[in-house]
Every structure is written in structure tokens, then in C-alpha cells.
Amino acid sequence: MANTTFAAIDVGTTKVCTVVGEVTPARELRILGVGVGPSAGISRGMVENIHAAIDAIASSIERAERASGARILSAYIGIAGPHISSMNSRGIVAIADPRNPITAGDVRRALESARIVNVPNNREVIHVIPRYYVVDGQDDVVDPVGMYGSRLDVETHVVTAGSSAMNNLVRCVEGAGVRVESVILAPLASAEAVVEPEEMEHGVALCDIGGGTTDIAVFVRGAVVHTAVLPVGGLHMTRDLVVALRIPQRAAEQVKREYGHTIPSLVDESDEVAVDSFGADGQRAVPRRMMAEVLQARTEELLEMVRAELRRGAQPEVLSAGVVLTGGAASLGGIELLAEDVLQLPARIGRPRQLAGLSDILHDPAYATAVGLLRWALREQEIMLRSSTPAAPLGGLIKRMAHLLRVVLPQ
Ligand SMILES: Nc1ncnc2c1ncn2[C@@H]1O[C@H](COP(=O)(O)OP(=O)(O)OP(=O)(O)O)[C@@H](O)[C@H]1O
Ligand SMILES: [Mg+2]
């Protein structure tokens, strides 16, 4: 693929989505092709059957290749699952000669020192994201390069993943014939696609409700302060309908998507929908309000978990921009109203926007992670190009730096 062409693969619990895109001269993201197919062998964001997962990923890649006419050699992939954990960590370094300005090298040393956290052998650091810097006690420095001081602190958000869960995912993608360029935490990717920089500045929570996981990222003053992955999602809502209405899973999934609502009082009491029943016994009429009551109970429980998690990241008062709901289950009727009620924060649905090319299908909350991964790839590439000099090879170190620094560089 050409230099400016990128590929991203979102290996979800219910679907695998591969997107190929390029940057236009106007710095717009143009989608060249999308390949979506059902997922297999993945549960709660983690691989549980390698062969089934490889087949599902390979088929999504093949569709994207056919649609775009590009051969996908490498890709950015998203990761989620209960094995993810995150913490905030401070790195501190002394500046050798305070008469000289702070350099990118000093920043790198500070970040490396923040990275040296107590990580057990079976975990890997996937992100060290700078939140802000402190130069000789002066707080909230966004970019310390060029400033003078004798001590540089960096406050970072460190995300770690279980080594085996991550290796299994990478193996599956590589087994499908594509090299993994970078592994990105799914909610950070989703935020890239559906959260505005201004919202991040004023405090916002991103909540990606997928099939098997609900991924959270909290941003305050433009920087990520908390991330988490909860092992619940839309599949639980579907299963509740199976149990409560005694209908097959496929029928439950279909009525949920078409007629599902989370506020029973907004559903007409006399509304009924025809639903397939078990066996080949034709259809049954189910009151839509009863469906809404089932969906409300589960969604409310899920949102209570989100509320507890948000509290761990920030006080609700600092989230002036509220919460952005995305992921497939964000399409459930009335979910933003229920979220406003449970979380006591303004809520909106986040759909990927500002896309050119073959992007129709992607304007749906379910594709936030895939589009976000592509945007992440693009930014990393831009940072790499900016930080490279003709003498410097575009190799591992600069690449890693780009990964670490992307959040602090100006937009
Ligand atoms: N219109 C809709 N109404 C309600 N739920 C929906 C709708 N469309 C999709 N969903 C639900 O969204 C879920 C899938 O979301 P998404 O595609 O974001 O998940 P995923 O990325 O495959 O999984 P995960 O992120 O959990 O690994 C499914 O449970 C599906 O039922
Ligand atoms: Mg997902």
C-alpha cells in the first residue's frame, strides 16, 4: 500500500470490521473500502477459539481488500476485554544543564521513567499517554520542549493488557496474513472518532457499548484520566429477551434492533410486535412495552456500572460535556435519555463523521472503534513524519516516540 494508505481492524465480539483509508491533500480521511463480517471465536473482547477467529478476521480483511482494491499488509488493531487495566503514573527526571532548554530527549526520558511501573510478568504496557508536565513545580505544562528548568515531571496514564490475551489477538490477525502495526485500546480509538477536542477539554466520558464489552474512557482538560473495560454489552440485552419472552436468540436480536426501547413509558401500551417463536411454530405477538421493561432493567444496570466506573476517573462536576455513547448498542431507542437519568450527565450518541469516500455504512455508532483506529494511524504517521529528520531512520524508536507523544503534540 502507498505511504498514506492505512488499514485498521476492529475485532469485536459480534463483528469484525476492516477499514482501509487514505488522507486527502485537504487532510480529510477518505475511506477506500470496508469489510464487515460476523465475528467468531471472540468472547468479551478476547480470543477463545483461535481458528474460528482467524477465519472471521481473514474474511473481513478479504472483503475490505476487494472493496478497496488495496492489498493489506499491515494494520492497526483495537484491544479490549476484562484483562485491560490502567493507572496514572508520574515520571521524574533531572535536566542535566538548566541553562539549556528542555529537549524532546528529556521528555522521552521522563516518559520512560513513568513507564517503569510495577507491571507483573504476565502483563504488557500498551500505552503511556502524557496528561500534563510539571517544570520546576509549574503545573499543567502542555509541551515542555524549549522551556527552562532543572526538573521535569510528567503525569501519565498507563494502560496494560494481559500478555496472553494480547498475544492471542495479535496471532489471530497475523494468522490472517496481516502484520500488526500497533495495538490501541478500543475506547481510546472510539473517542478519536466520535468525541470533539472541545468536549475533551471541558471534561467528557466516552462509553462504547458493544456486544460483549462496554469500553470507557474519561477525558479531563484535554487528556485521558481513566480507562476501563466492563464485561457487559448488547448480547446480555438480547439474552434477557430470550429468557423473558421465550424466543430464539436470532429473533430476539432482530426485534431488539428494530423495536427495542429503554423507556417503557415512551412506548405505546397497545403496541405489539410479531416475533418468531421456538421451533417452526410461526410467530407470536409480544407487547413492545414489555420488551422495553426488560431492556430498561439491563441497560440501567449496565449504566449503574458505568457510573461507578466514571466516579473512579473523575468527579461528575468536571464532566461538563457529559457522556458520549457509542458502539452498536448505543442505537437502542431512548438509551441517551436513560443515560442522562442514571448518570446525571448530559448524553449524546456519537457517530463517526467527517469521512469522505465509501463511508456510508460507517456513520453508525457501531463503527466508532474501526474509524477511530484509522484516525489514530493517521495521526501517528503525521507525528512520525514531523519528528523525523533526513538523517534519522523512521525506525522503532521514533515510531515508539510517536506513539507516546501523540497526545501532547498540537492538533
Ligand atoms: N439498532 C440497534 N438497537 C439495539 N442494539 C443494537 C442495534 N444495532 C446493534 N445493536 C447491538 O450492538 C451490539 C454490537 O455492537 P458492536 O458492533 O459495537 O459490538 P462489537 O464491537 O462487535 O463487540 P465488543 O466491542 O463488545 O467486542 C450487539 O449486541 C447488537 O445487538
Ligand atoms: Mg467494539
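Every number for a ligand or one of its atoms is a count from 1 in the order of the listing.
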I'd like to know if [X] pairs up with [Y] as an ion pair, taking the criterion as any Lys NZ or Arg NE/NH1/NH2 lying under 4.0 Å from an Asp or Glu carboxylate oxygen.
X    : Y    : result
R257 : E253 : yes
R307 : E304 : yes
R348 : E336 : no

Does any N or O of ligand 1 fall below 3.5 Å from an N or O anywhere on [X], backbone included?
X    : answer
T13  : yes
G212 : yes
D208 : no
K15  : yes
G211 : yes
I209 : no

Report the nearest protein non-hydrogen atom to [atom]: residue, atom name, distance rounded to 0.1 Å.
atom                    : value
atom 31 (O) of ligand 1 : E253 OE2, 2.4 Å
atom 22 (O) of ligand 1 : T14 OG1, 2.6 Å
atom 5 (N) of ligand 1  : K256 CE, 3.5 Å
atom 4 (C) of ligand 1  : L332 CD1, 3.5 Å
atom 2 (C) of ligand 1  : S331 CB, 3.6 Å

- All pairs passing side chain to side chain donor-acceptor pair (under 3.5 Å) where residues 37-57 contributes a residue, at least two apart: none
Between [Y] and [X], do the side chains contain a donor N or O and an acceptor N or O under 3.5 Å apart?
X    : Y    : answer
T227 : S86  : yes
N167 : S164 : no
S190 : D215 : no

- Item | Residue portion contacting ligand 1 (non-hydrogen atoms closer than 4.0 Å) for R44 | neither
- Over 12 foreign heavy atoms within 6.0 Å of CZ, R90: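 Atom CZ in R90 is crowded, with more than 12 foreign heavy atoms closer than 6.0 Å.
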- Query: What residues, two or more places apart in sequence or in another chain, satisfy side-chain contact (heavy atoms from CB on, under 4.5 Å) together with Q249?
  - Reply: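 Applying side-chain contact (heavy atoms from CB on, under 4.5 Å) to Q249 gives L235, T238, R239, V242.
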- Closest contact, heavy atoms only, I84 versus A161: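 Smallest heavy-atom distance, with atoms named: CD1-CB, 3.8 Å.
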- With atom 10 (N) of ligand 1 as the reference point, say which of G45, G210, G328 has the nearest heavy atom. G328
- Task: Below 4.0 angstrom from a heavy atom of G327, which ligand 1 atoms are there? Numbered from 1 as shown, please.
- Result: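 Heavy-atom distances to G327 below 4.0 Å select 18 (O).
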- Could you tell me which atoms of ligand 1, counted from 1 in the order shown, lie closer than 4.0 angstrom to a heavy atom of L235? 29 (O)
- Message: Just to check, does S39 reach to within less than 4.0 Å of ligand 1 when the distance is taken from its heavy atoms?
- Response: no
